[in-house]
Amino acid sequence: MADGRADEPVPFWKKALDRRVTGPGWFALRSGLRAASLPYAAAMRARNAAFDSGWKESIDVGVPVISVGNLTAGGTGKTPAVCRLARELRNRNVRVGLVSRGYKAGEQGTNDEALELEERLPDVPHVQDPDRVAAARIAIDELASQVILLDDAFQHRRIRRDWDIVLIDATNPFGYGALLPAGLLREPLSSLARAQTIVLSRANMIDEEAREAIRKQVERYAPAADWVEAVHQPSGWRNAEGLTESTEIASFRRVAVVSAIGNPDAFRRTLTGLGLEVAEERIFPDHHRFTREDVASLQAWGKQLATERIGAIVCTGKDLVKLSLPALGPLPLWSLVIDFSFTRNETAIQRRLDDIAAKVPAED
């Protein structure tokens, strides 16, 4: 666990991956990381070639399949995007089932994303299993799903899909331009050619010139793909007891942050964009499951913060469902509710959703 103020130094791992940070020590470290990425790159190329050539076959599960994924490790904001797509399908009277691997699932077989999705989409079943083919069959055969929505599945090619959506985070679109572990790329940029739709998430966090530069680079690899831009739109505050507050009239302005997400920097920028002052932070690894010791430490932290004119501790929805507490010490704990809004070329999304819905057989 790391904690500190919002202006704390750049983490070591970011310096290690960012080639703008220079010096002989950093050069030697990056050389080692590049060497370590070579076996990963070879394995990824071989795997993709096996599917592209037909030597490995993708399985048709019998219903339309939508995949939402990304090229980089870390958070691109897929959960709000999945929520938006699932709601759009439900609005078309389509029974959609969510399927995911269940990364870092707990003893009950669910992870933080599943808990948040269950809360936000109570009428949409979610099956988590490392064998996503088996999970899809459960969703179809036992839960009567008419469409499968695969979460974080661009690299999962065992299931044939009708629509591949790739999210690119505007704050770090290409993962430092190198494959893991030398960068954050899970596979080369050329893999974007498999996608039908590229969505630039958090598009409002960069200017138009930067957005256009990213679009042009993506177009080199996926010239036929839809280009869509989207933002993560804060829509209010919610606590563990189900109470809500508007972002405009929230009773706090100076806050502390606790997070266990892939992109805590983007979350902080969202908070400051709401006019909040982020005075303190505690950052845990992505998908971290809070232990009793963690909670006790956070309770003590809340008591300390109460003496520093801080009005609340804030977190994401994924963090709140794991903490399940209305307060940390004397300070209230609020999660920021995030909706996914398309700001450019939403018509391409709606058209493809209509095409998916049209593939669902009419019921007698």
Side-chain angles (χ1 to χ4, degrees), residues 66-70 74-90 96-129 132 135 139 143 145 148-153 165 167 169 201-202 230-245 247 257-264 266-268 270-271 282-291 294-295 298 313-326 328 332-341:
I66 304 169
S67 167
V68 180
N70 56 13
T76 57
K78 289 188 302 297
T79 300
V82 167
C83 284
R84 173 66 187 272
L85 293 169
R87 287 198 184 104
E88 291 280 358
L89 289 165
R90 293 296 296 125
V96 56
L98 304 180
V99 168
S100 64
R101 175 176 176 264
Y103 179 66
K104 289 191 176 181
E107 295 178 358
Q108 296 181 341
T110 55
N111 65 3
D112 49 4
E113 290 172 346
L115 293 171
E116 183 184 11
L117 287 166
E118 181 180 353
E119 184 176 271
R120 298 185 68 171
L121 299 168
D123 62 338
V124 176
H126 187 179
V127 184
Q128 290 196 315
D129 192 321
R132 280 178 271 201
L143 303 173
S145 298
I148 295 297
L149 185 52
L150 295 175
D151 185 12
D152 194 15
I165 305 169
L167 268 62
D169 189 331
S201 65
R202 301 190 175 101
V231 299
H232 289 74
Q233 187 68 44
S235 60
W237 297 97
R238 189 179 189 280
N239 74 1
E241 296 175 331
L243 299 177
T244 59
E245 282 202 16
T247 55
V257 176
V258 58
S259 65
I261 55 176
N263 194 338
F267 182 54
R268 185 192 311 119
T270 298
L271 295 172
R282 282 203 172 178
I283 300 173
F284 293 78
D286 192 16
H287 297 291
H288 179 77
R289 300 191 71 84
F290 296 103
T291 65
D294 293 333
V295 173
L298 289 171
I313 298 175
V314 300
C315 64
T316 68
K318 289 198 297 185
D319 299 318
L320 185 67
V321 293
K322 291 182 294 183
L323 288 166
S324 295
L325 295 168
L328 291 173
L333 177 64
W334 291 94
S335 73
L336 185 61
V337 180
I338 300 290
D339 292 330
F340 200 77
S341 299

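Here the structure is a predicted model, which means the values were calculated and not measured.
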Report the C-alpha distance between Thr316 and Thr79 in whole Å, list the side-chain angles of each, state the deciding distance to 0.1 Å, and finish with yes or no for side chain to side chain contact (heavy atoms under 4.5 Å, CB included).
CA-CA 11 Å; Thr316 68; Thr79 300; over 6 Å; no

Side chain to side chain contact (heavy atoms under 4.5 Å, CB included) evaluation trace for Leu336 with Val314
CA-CA 7 Å; Leu336 185 61; Val314 300; over 6 Å; no

Steps toward side chain to side chain contact (heavy atoms under 4.5 Å, CB included) verdict (Arg101, Asp152)
CA-CA 8 Å; Arg101 175 176 176 264; Asp152 194 15; over 6 Å; no

Any chance you could lay out the side chain to side chain contact (heavy atoms under 4.5 Å, CB included) test for Asp294 and Arg282, step after step, and finish with the verdict?
CA-CA 11 Å; Asp294 293 333; Arg282 282 203 172 178; over 6 Å; no

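By the side-chain hydrogen bond (donor to acceptor under 3.5 Å, both in side chains) test, Arg132 is found to be paired with no residue, residues two or more places apart in sequence or in another chain being considered. For Ala260, the side chain to side chain contact (heavy atoms under 4.5 Å, CB included) criterion is met by Phe284, His288, Phe290, Asp319, Lys322, not counting sequence neighbours.
Rounding to the nearest 0.5 angstrom, the gap separating the CH2 atom in Trp237 from the CG atom in Leu320 is 11.0 Å. If you take CG on Leu271 and OG1 on Thr247, they are separated by 11.0 Å, rounding to the nearest 0.5 Å. Here the straight-line distance linking atom CG of Asp123 with atom CD of Glu118 works out to 12.0 Å at 0.5 Å rounding. With values rounded to the nearest 0.5 angstrom, Cys83 atom SG is found 8.0 Å from Leu98 atom CG. Remark: Lys318 NZ to Ile261 CD1 distance equals 7.0 Å, nearest 0.5 Å.
Side-chain atoms of His232 come within 3.5 Å of backbone N or O of Gly77 as a donor-acceptor pair. A distance-only check finds no donor-acceptor pair linking the side chain of Ser100 to the backbone of Asp151 [under 3.5 Å]. Under a 3.5 Å cut-off, the side chain of Ser335 and the backbone N or O of Arg238 do form a donor-acceptor pair.
Arg90 places none of its side-chain heavy atoms less than 4.5 Å from the side chain of Leu121. Taking the side chain as every heavy atom from C-beta outward, Arg120 and Val82 never approach each other to under 4.5 Å. A heavy-atom distance below 4.5 Å is not found between the side chains of Val257 and Arg268. Using a 4.5 Å heavy-atom threshold, the side chains of Leu323 and Leu298 count as touching. Between Val124 and Leu117 the shortest side-chain heavy-atom distance does not fall below 4.5 Å.
The two atoms that bring Ser201 and Phe340 nearest to each other are CB-CE1, 4.3 Å, heavy atoms only. Summarising the geometry of Val321 relative to Ser324, their closest heavy-atom pair is O-OG, 3.0 Å, with the distance given to 0.1 Å. Of all heavy-atom pairs spanning Leu333 and Leu325, the tightest one is CD2-O, 3.4 Å. Scanning all heavy atoms of the two residues, the minimum distance from Val96 to Ala86 falls at CG1-O, 4.0 Å. Of all heavy-atom pairs between Arg202 and Ala266, the closest is NE-CB, 3.3 Å. Taking every heavy atom of both residues into account, Gly97 and Ser145 meet most closely at CA-OG, 3.4 Å.
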